[in-house]
Amino acid sequence: MDWNLIVQILPAFAQAGAITLLVSAGAVLVGVVLGFWLNVVQDTWLPFRRFYSLFVWFFRGTPFLIQLFVLYYGFPQIGITFSPIEATVIGLGIYSSAYFAEIFRASWQGIPAGQVEAARVFGLDRWQTLRHVQLPQALRLALPLMTNQFILVLKESSVASIITVPELTMRAGTVVAETFSYVEPYLLLALSYWGLSLLVNRAAGTLRAWAALRESSRP
């Protein structure tokens, strides 16, 4: 084990780790917003459910690598060009939205039907019921699954190295090509993903604790 090499490449890995985290966070933001919208629309507008099922089936049933290639290499042929980071954030966001949509759908179904019926009895309309009854409970139920999906997106972002996004996996490959050392860069790569996953899990745990405290403080 060459510790001097590890110390030498550590700053570059730290920079690449920041890029990995930012790209993954951007993709998760896109995925959560789009997935939430898809779930709300299919729950409130029945004709949309066929499109919803097709969307989820397609994006969960095809590899992200192929979707990324279509977005980055295929779209320029119709006049739409993305930078590598833009293609990764958009592509990974759309890909993950299919998973987030199903997470929200399952969380929605976990809310007792009696609560929705009670809200209607008290005069709340469809959107008021969604906002004040379904949404807070669904988000609380979905948070653990969303955390797992965030970690999966974080690891899936390694595919972006193929289109030259300077994230962790590409950095490790560059170090290997320059030094012909495999153990140190790939060990540091594994530890970097583990550390980022731990960071996401800890942040989500803090958010869950805050949400539980807020819920318990309500009258």
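Computed from a predicted model, the values in this text were never measured in an experiment.
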Considering only heavy atoms from C-beta outward, does the side chain of Tyr52 approach that of Glu102 to under 4.5 Å? yes
Minimal non-hydrogen separation, Ser97 against Ile94, with atom names: OG-O, 2.6 Å
Tell me, yes or no, whether the heavy-atom count around Tyr73 atom OH, taken from other residues, nucleotides or ligands under 6.0 Å, exceeds 12. yes
Determine whether Val89 and Phe150 fall in the same hydrophobic cluster, where Ile, Leu, Val, Met, Phe, Trp and Tyr are linked whenever their side-chain heavy atoms lie under 4.5 Å apart. yes
CG-OG distance between Leu152 and Ser157, expressed to the nearest 0.5 angstrom: 11.0 Å
If you define the side chain from C-beta out and look only at heavy atoms, does anything of Val30 sit under 4.5 Å from Ile90? no
Under a 4.5 Å cut-off applied to non-hydrogen side-chain atoms, are Thr81 and Phe75 in contact? no
Could you tell me which non-hydrogen atom of Ala160 sits nearest to which non-hydrogen atom of Thr88, and how far apart they are? CB-OG1, 3.4 Å
Here the gap from Leu187 atom CG to Ser181 atom OG, rounded to the nearest 0.5 Å, amounts to 12.5 Å
Between Val23 and Ile85, does a side chain to side chain contact (heavy atoms under 4.5 Å, CB included) hold up when you go through it step by step? CA-CA 7 Å; Val23 167; Ile85 290 181; 4.1 Å; yes
Does the side chain of Leu34 reach to within under 4.5 Å of the side chain of Phe100, using non-hydrogen atoms? no
Of all heavy-atom pairs between Ile103 and Ala142, which one has the smallest distance, and what is that distance? CG2-CB, 3.8 Å
Taking atom CG of Leu10 and atom OG of Ser192, what is their separation to the nearest 0.5 Å? 8.0 Å
Would you say Leu145 and Phe59 are hydrophobically clustered, going by side-chain heavy atoms of ILVMFWY under 4.5 Å? no
Applying side-chain contact (heavy atoms from CB on, under 4.5 Å) between Tyr72 and each of Ile162, Ile163, Val165, report the one that passes. Ile163
Do you know the tightest heavy-atom contact between Ser96 and Gly93? OG-O, 3.1 Å
Ser24 (side chain) donor-acceptor with Leu21 (main chain) under 3.5 angstrom: no
If you measure from OG on Ser197 to CG on Leu154, what distance do you get to the nearest 0.5 Å? 5.0 Å
Just by distance, do the side chain of Gln67 and the backbone of Thr62 share a donor-acceptor pair under 3.5 Å? yes
What's the spacing between Leu65 CG and Tyr95 OH if we round to 0.5 Å? 10.5 Å
Which value, rounded to the nearest 0.5 Å, describes the distance between Ile6 atom CD1 and Gln8 atom CD? 11.5 Å
Hey, does Leu196 have a side-chain heavy atom less than 4.5 Å from the side chain of Leu168? yes
Do Val153 and Leu198 share a hydrophobic cluster (ILVMFWY, side-chain heavy atoms under 4.5 Å, transitive)? no
Whether the Thr20 and Tyr193 side chains hold a donor-acceptor pair (N or O, under 3.5 Å, no angle test) is what I'd like checked. no
Are Leu71 and Val159 grouped together when hydrophobic residues (ILVMFWY) are joined by side-chain heavy atoms under 4.5 angstrom apart? no
Leu38/Phe48 under side chain to side chain contact (heavy atoms under 4.5 Å, CB included): CA gap, chis, key distance, verdict: CA-CA 9 Å; Leu38 287 168; Phe48 186 77; 3.7 Å; yes
What is the ring orientation for Phe51 with Phe55, classed by angle as parallel under 30°, tilted 30 to 60°, or perpendicular over 60°? tilted
Ignoring hydrogens and angles, tell me if any N or O in the side chain of Glu167 forms a donor-acceptor pair with the backbone of Met170 under 3.5 Å. yes
Please answer: with hydrophobic residues joined when any side-chain heavy atoms are less than 4.5 Å apart, are Val200 and Ile19 in the same cluster? yes
